[in-house]
Amino acid sequence: MQDSSTLPRRALMVAFHFPPLAGSSGIQRTLRFVQHLPANGWEPLVLSADPRAYERTNDDLNREVPASTVVERARAWDAARHLSIGGRYLGWTARPDRWMSWRFDGVRRGLAMVGAHRPALIWSTYPIATAHLIGVALHRRTGLPWVADFRDPMAQDGYPPDPKVWRSFDRIEQLAMRHASLCVFTTPGAARMYRERYPTAADRIVVIENGYDEESFARVDAAAVAAEGPLNAGAVTLLHSGIVYPGERNPVPLFTALGALKASGRIEAAKLKLRFRAAVHDDLLQRLAREHAIEDLIETLPAVGYRDALAEMLRADALLVMQGNDCNEQIPAKIYEYLRARRPILGLADPSGDTAGVLRAAGLDAIAPLESADAIGRLLPAFIDAVRRNEASLPGDAAVEGASRRGRAEALAACFDRLIVRPSRAP
């Protein structure tokens, strides 16, 4: 039996998404755990990928990694950029993901970290599935407890669409459900789905939601934000901060509704702006704007540093979250920062899904299905009018305080504490 009084309380954390990777909100989960676990008695050791594997980098968040944190970088190549010829690459080099090459040096360096630092357990995090392959390999080689942080569901009906990738995801799920001491999800719906799918692992499936980082908001100059004023003087600016996925966050019904409302005179370009920040698919948004004759309503802007992104949320008149009904068991990580920004939120999500559940729990009721242009068209004018009159609902204090990353780290540390005082699962 492992005894917390004799083992150093260190956790080897395997995460592809880590600074200086740019443009992914997925960084925040690992980064904030790394920041806050020490206050809960755990020292994180980070195993990530060589920055050359990242499509874009930014040093903005590097300074937020505690100086005492051990960070090792394993060699990794992006199949689409490094292993392709004429834009084509062999399919096996991108299963389970384009960074599968990370696995080989990752396991080697992970074993060296175990030997040098003697961690008490291993934690790996999706959405780069190769991280779990590294995690299970290290668990099998060392016998250390393994915590598989799924975040969201992996193998789903119709996703991934490539059957070979789907089978690789399914295999990784089965490995985790068989070998991991804990499997962590970020939403109740995802946890419920996996308890039903893997009933023998049900007691090892837990929920630790995403959250916001209070310290990051504290570093935003509130006086400067107030002095800069609204994003568009004289107009209500509705901000969507982050990636717009053409499938899971399909903007077509929203643009259809906006086009119809503008054509009927119910909204005016001079009084409403819909800003997309770091949407990635700007070409799609601009094409849809032209098709629906709403170019004067739409702003597409590039990614900015994390602090600037938070400041923009604070300056926005209202915030927009989009989530398709095929992702009812998922919650966009950005929604917790939206709550902390304490701005009105328009939720385009299935009313029966987990995203809408978070909004309702925060006292917010401006919700319509993302897939229904008619429902959006009915909701949007009233919501914009309430924002303009300063009568739109704001997130409740209890919901905001409960979504802190510091609290999420406390929950993870409590899970770790339980594992090191009982035997690890057999390799």
Side-chain angles (χ1 to χ4, degrees), residues 11-18 24 26 29-30 47-49 53 74 76-80 90-111 121-187 189-208 248 327 329-330 415 424-427:
L12 174 55
M13 308 185 75
V14 184
F16 182 87
H17 291 91
F18 201 70
S24 173
R29 186 169 174 88
T30 301
L47 173 60
S48 193
W77 293 270
D78 178 348
L90 297 173
W92 67 266
T93 66
R95 286 195 294 269
D97 50 64
R98 287 163 32 200
W99 299 273
M100 62 83 69
S101 59
W102 179 39
R103 174 183 180 182
F104 306 107
D105 197 39
V107 172
R108 184 183 71 83
R109 288 181 181 265
L111 289 172
L121 55 81
I122 298 156
W123 176 92
S124 61
T125 187
Y126 181 68
I128 301 303
T130 295
H132 286 337
L133 291 178
I134 296 172
V136 70
L138 294 175
H139 160 70
R140 285 171 151 177
R141 297 281 291 274
T142 66
L144 291 172
W146 171 39
V147 178
D149 186 48
F150 277 82
R151 307 192 190 195
D152 294 326
M154 288 185 61
Q156 306 171 61
D157 291 340
Y159 179 85
D162 183 313
K164 292 182 179 179
V165 176
W166 189 95
R167 286 194 292 272
S168 70
F169 274 33
D170 183 59
R171 174 176 169 269
I172 292 168
E173 279 188 4
Q174 293 185 43
L175 284 170
M177 293 297 160
R178 186 163 60 248
H179 293 286
S181 297
L182 285 177
C183 295
V184 182
F185 293 87
T186 58
T187 71
R192 182 170 58 250
M193 174 195 299
Y194 276 80
R195 289 184 184 117
E196 293 171 356
R197 186 181 296 180
Y198 299 98
T200 60
D203 63 342
R204 293 182 283 114
I205 293 173
V206 300
V207 175
I208 300 178
E248 297 90 337
C327 296
E329 293 79 23
Q330 301 175 31
C415 289
S424 63
R425 297 182 60 81

Could you list all the side chain to side chain donor-acceptor pair (under 3.5 Å) pairs where at least one residue sits in residues 164-177, not counting sequence neighbours? Asp170-Gln174, Glu173-Tyr194, Glu173-Arg197, Glu173-Tyr198
[X]: which residues meet the salt bridge (Lys or Arg N to Asp or Glu O under 4.0 Å) condition with it, sequence neighbours left out?
{"X": "Arg29", "value": "Asp149"}
{"X": "Asp97", "value": "none"}
{"X": "Arg195", "value": "none"}

Could you walk me through whether His132 and Trp146 pass the side-chain contact (heavy atoms from CB on, under 4.5 Å) check? CA-CA 10 Å; His132 286 337; Trp146 171 39; 4.1 Å; yes
Keeping the roles fixed (side chain from [X], backbone from [Y]), state whether a donor-acceptor pair exists under 3.5 Å.
{"X": "Arg151", "Y": "Gly26", "answer": "yes"}
{"X": "Thr93", "Y": "Ala79", "answer": "no"}
{"X": "Trp99", "Y": "Ala53", "answer": "yes"}
{"X": "His139", "Y": "Pro145", "answer": "no"}
{"X": "Ser48", "Y": "Ala15", "answer": "yes"}
{"X": "Thr187", "Y": "Glu329", "answer": "yes"}

Counting C-beta onward and ignoring hydrogens, is there a side-chain heavy-atom pair between [X] and [Y] closer than 4.5 Å?
{"X": "Pro96", "Y": "Leu133", "value": "yes"}
{"X": "Met177", "Y": "Ile205", "value": "yes"}
{"X": "Phe185", "Y": "Met193", "value": "no"}
{"X": "Val136", "Y": "Arg178", "value": "no"}

Looking only at non-hydrogen atoms, find the nearest pair between [X] and [Y] and report the distance.
{"X": "Ile128", "Y": "Phe16", "answer": "CG1-CD2, 3.5 Å"}
{"X": "Arg204", "Y": "Ala176", "answer": "NH1-O, 4.2 Å"}
{"X": "Cys327", "Y": "Glu248", "answer": "SG-CG, 3.3 Å"}
{"X": "Ile208", "Y": "Cys415", "answer": "CD1-SG, 4.2 Å"}
{"X": "Val207", "Y": "Ala191", "answer": "CG2-CB, 3.4 Å"}

Would Phe150 and Tyr126 count as a ring pair (Phe, Tyr, Trp, His ring centres under 6.0 Å) here? Give the steps. CA-CA 5 Å; Phe150 277 82; Tyr126 181 68; 7.1 Å; no
Listed by chain and number, what are the side-chain contact (heavy atoms from CB on, under 4.5 Å) partners of Asp105, not counting sequence neighbours? Ala74, Arg75, Arg108, Arg109
Going by the rule side-chain contact (heavy atoms from CB on, under 4.5 Å), which residues pair with Leu111 if we only count those two or more places apart in sequence or in a different chain? Val107, Leu138, Arg141, Thr142
Would you say that more than 12 heavy atoms from the other residues, nucleotides or ligands in this model lie under 6.0 Å from the CG of Asp157, or not? no
Atom [atom1] of [X] and atom [atom2] of [Y]: how far apart are they, to the nearest 0.5 Å?
{"X": "Thr125", "Y": "Phe18", "atom1": "OG1", "atom2": "CZ", "result": "12.0 Å"}
{"X": "Trp102", "Y": "Leu47", "atom1": "CH2", "atom2": "CG", "result": "6.0 Å"}
{"X": "Thr130", "Y": "Met100", "atom1": "OG1", "atom2": "CE", "result": "7.0 Å"}

Can you name the residues that form a side chain to side chain donor-acceptor pair (under 3.5 Å) with Trp123, not counting sequence neighbours? none
